[in-house]
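Here's the structure, in structure tokens; my notes come after.
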Amino acid sequence: MGEIKEEDWHLPEIKYEYLDHTADMQIHSWGNTVEEAFEQCANGMFGCMTDTDYIEMAETQEIEAEGHDMLSLLFHFLDEFLFLFSAEPYFVAKKVEILEFDKEQFRIKARGFGEQFIIGKHPQRHEVKAITYSNMQVNQTEDGLTHIHVIVDI
Amino acid sequence: MFKSKLTALEYHTIEGFNPEDDKQFRALVIWLEEQKIRHYKVEDRDPLRDLESDKWPIVFNSYCAQLSCPITSGKKAERLEWLLSHAIRLEYSDNIDKFSTQTSTEVLKNRQNTPKVVSSNPLDNLDFESEDFKKGVNSLAKLLQITPHPDHLITLRAISKLISQRLTAEAIKDVDSVVPKGKAYPFDTVDDGFEKGNKAVNSASKILRLLYLHDLRSLQTKINESIVAVQNLTANPKTDTSLGKVGR
Amino acid sequence: MVVRQYNEEMSYLEKTSAFSWKIKKGFQPNMNVEGVFYVNQHLEKLMLDELRNACRPGMIGGFLPGVKQIANVAALPGIVGRSVGLPDVHSGYGFAIGNMAAFDMSDPTSVVSPGGVGFDINCGVRLLRTNLTEKDVLPVKEQLAQSMFDHIPVGVGSKGIIPMNARDLEEALEMGMDWSLREGYVWAEDKEHCEEYGRMLNADPSKVSMRAKKRGLPQLGTLGAGNHYAEIQVVDEIYDKWAASKMGIESKGQICVMIHSGSRGFGHQVATDALVEMEKAMKRDKIETNDRQLACARINSVEGQNYLKSMAAAANFAWVNRSSMTFLSRQAFAKQFNMTPDDLDMHVIYDVSHNIAKVEEHMVDGKLKTLLVHRKGSTRAFPPHHPLIPVDYQLTGQPVLIGGTMGTCSYVLTGTETGMKETFGSTCHGAGRALSRAKSRRNLDYTQVLQKLESQGISIRVASPKLVMEEAPESYKNVTDVVDTCDAVGISKKAIKLRPIAVIKG
């Protein structure tokens with residue numbers, strides 16, 4: 001848990017949206033780099049659970065994730081943050097930053113800025129039950145942007 | 001292990017006697033010597049009586065040797081076993097007349113020979129197979145609207161069941177307590193998947209099924225009762241509203 | 001996925017009766033058995049429209065249409081009978097929701113699939129009766145709804161108020177409802193009236209990950225969010241007087257409480273863990289399926305057995321959860337009416353699961369076989385005289401509790417012999433979604449939804465009011481259509497209809 005520095009207070013523009021899906025929530029995020037797309041995806045996940053405007057950046061939590069390919073890396077990356085919320089410390093992040101991204105070994109170290117979820121302070125939205133591999137995609141389009149599609153079960 | 005022998009000798013501590021406990025062991029040995037074996041003269045028993053002494057094991061060893069105890073190894077339990085048997089042998093020979101006739105067959109016979117009580121109750125002395133008796137049962141059945149069974153003893157059982165359940169003084173006073181209330185099961189109309197062609201067989205199988213369910217229900221109720229009995233011991237339902245935020 | 005023209009697809013589908021359609025082999029590759037789905041006219045249109053949309057060129061699709069998923073399941077090794085789509089079927093993860101599939105335990109190639117159970121293991125419904133009537137409750141309806149809301153933690157991030165430590169959790173996972181009984185949270189008669197008597201004996205908490213236990217512990221005794229709810233309902237119609245009276249329902253206007261909830265984060269983690277394990281196992285055991293999401297493992301493999309044991313633990317978690325909420329509901333009522341729950345006669349009518357896999361015996365082609373029956377979004381519906389149903393329901397058949405969506409009616413059905421033969425004793429579970437959440441958000445306004453509920457005389461307490469339009473009745477298929485279809489096909493019979501007067505949601 002590092003110190004929150006002045007530059008950390010800067011909030012990125014929102015680069016994620018929610019797409020049509022019958023029962024669950026499909027998150028579509030994008031970014032100029034793979035890292036950015038991943039970060040926005042995590043922000044999108046927290047946005048399902050609560051209104052991130054209400055989250056204060058009181059502390060940080062770090063996670064490490066690894067996978068055997070890009071998709072499983074994305075899966076575990078999101079799952080680690082989900083676990084931070086579901087059990088102690090019940091953490092929700094206002095924004096997520098990737099510290100290290102090893103594209104060969106498929107490893108990520110990331111940090112979330114936020115605080116503990118408190119009913120009454122943070123609006124209750126959806127409960128993300130699980131990350132799914134359903135139609136999971138990490139693509140690069142011609143303009144160099146990375147797009148991520150992932151469906152979370154709610 | 002020594003329970004039966006200790007009981008026979010009328011020792012004061014039978015339950016919970018532990019031969020490995022030195023104190024108990026020594027106490028038993030001295031009691032045996034003083035009450036049963038009486039090998040030494042009274043004055044000579046002193047060293048054996050000295051339960052706390054370090055020399056006691058040596059004294060005990062020489063005591064056993066003097067009694068010609070065949071077990072020379074240090075095994076306490078085995079020596080004790082022999083001592084107890086020895087004490088019993090002595091007890092027996094002291095009262096040989098009293099004990100000699102008490103073989104196991106004799107004891108058994110005595111139990112059976114308890115004098116037969118001649119019943120003064122005339123009902124007990126009836127001949128249950130006589131024609132008169134059978135006629136009587138059947139006419140009683142007709143009176144109570146019970147279908148007579150070819151074996152009149154079964155009819156008699158049915159009669160007694162009816163009387164004891166429905167015709168006692170309390171039952172007559174408070175009809176509701178014995179007559180089950182509620183809707184009758186639509187017996188004829190319900191298809192129980194029992195169609196075997198023959199109407200009588202169908203009815204019979206339906207009835208058997210219903211009786212079985214009745215028994216099953218009582219069994220289930222008994223099970224519930226035992227669960228409740230356990231709950232009385234274990235239950236402690238608690239809630240702590242400070243743990244979670246409820247309501248708004 | 002084979003992409004064909006709609007007309008060609010239709011050649012594989014055959015309407016075999018007014019309410020049932022056959023899916024012939026070849027609709028999807030490698031089908032081992034045929035598929036079948038039950039719909040009425042209205043639901044039929046929804047199913048076929050879904051298929052038509054998927055056949056349009058250029059569709060990336062995030063999900064396959066329900067009919068395709070039913071067919072993919074039919075291609076799994078070891079499946080017997082037919083892959084069945086109940087009237088509320090809609091697409092899901094791998095298996096459609098509202099899909100039943102049974103596998104022969106004696107076949108060594110048979111598989112078990114967590115997708116065939118669902119993420120919310122043992123999501124189910126419990127119905128309590130009371131001897132209160134609508135007249136008793138109407139004057140205090142708002143207070144009673146508030147009392148329920150004050151007793152039962154709901155919504156994302158909520159934590160349970162029944163104190164538990166890690167050891168309690170281990171015991172609860174192993175003992176299921178017996179734990180709740182021991183601790184005194186429920187009555188002995190409640191256990192009688194619960195599917196599996198509230199406990200799956202093959203549960204093994206040691207097969208469950210630490211992560212799942214950490215997620216589960218704070219959530220025990222909470223309702224959850226999404227389509228979970230607790231409702232105070234009124235008996236609106238009685239179709240089968242005899243069956244209803246055996247359930248303790250004597251007249252219209254009688255008050256009941258319905259709880260719809262599952263195994264919360266615990267079950268979800270168990271399912272996620274299993275899927276990860278099985279993906280590896282599939283490569284090793286060379287199991288091929290039509291859909292990557294149909295992750296499965298041989299029933300007899302280590303992964304398969306581990307899943308079944310941890311699934312049973314999750315099922316037990318859900319029963320303890322519903323039992324805890326039974327306790328809290330009884331408290332809420334007792335407080336409001338100043339009477340003990342005993343005096344109010346708040347008995348459990350029944351408790352059903354609609355996301356679970358069970359080992360059951362069924363007749364297949366005239367022979368008695370032991371099958372692993374997966375029911376995802378499908379409820380067990382056993383007929384009268386089946387040995388596994390409670391004594392009280394031996395003559396009526398197992399009660400089947402169908403929860404409607406927020407503000408719509410719920411039903412109680414009974415199991416039938418026909419159902420036993422046609423669908424291995426399975427029927428629908430509820431309404432099934434019709435509109436996506438995003439569409440609901442676009443087309444409906446939450447204040448309008450709340451107002452409509454109010455005008456129907458339904459008190460509502462919701463943790464996330466702004467999202468209530470996603471759960472509005474318009475977002476779902478019509479539960480009456482679904483239930484009527486099941487009744488028409490004969491796989492379950494209508495017994496009671498209930499309408500809500502208060503809803504508590506996350």
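Lettering follows sequence order; numbering is per chain, from 1.
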If you draw a 6.0 Å radius around CD1 in A/Ile14, do more than 12 non-hydrogen atoms from other residues or ligands fall strictly inside?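 No - once you tally the heavy atoms of other residues, nucleotides and ligands closer than 6.0 Å, there are 12 at most.
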Are C/Pro114 and C/Met311 close enough that some pair of their side-chain heavy atoms sits under 4.5 Å apart? no
Charged tip of A/Lys95 within 45° of A/Phe113 ring normal and under 6.0 Å: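 Output yes; distance and angle both within limits.
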Using the ring of A/Tyr90 (Phe, Tyr or Trp, six-membered ring only), decide whether C/Lys159 places NZ or CZ under 6.0 Å from its centre and within 45 degrees of its axis. yes
Part of C/Asp120 lying under 4.5 Å from any heavy atom of chain A: side chain
Under 4.5 Å from any heavy atom of chain C, what part of A/Val92 do you find: side chain, backbone, both or neither?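 For A/Val92, there is no contact with chain C at all, as no heavy atom is under 4.5 Å.
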Tell me, for A/Phe117 versus chain C, whether the close heavy atoms (under 4.5 Å) come from the side chain, the backbone, both or neither. side chain
For chain A, find which of [options] contributes the most heavy-atom pairs closer than 4.5 angstrom.
| options | answer |
| --- | --- |
| C/Gly506, C/Gly265, C/Pro218 | C/Pro218 |
| C/Gln219, C/Arg264, C/Gln269, C/Glu279 | C/Arg264 |
| C/Gly267, C/Gly157, C/Ala295 | C/Gly157 |

Look at the rings of A/His149 and A/His28 and say which category their plane angle falls in: under 30° parallel, 30 to 60° tilted, over 60° perpendicular. parallel
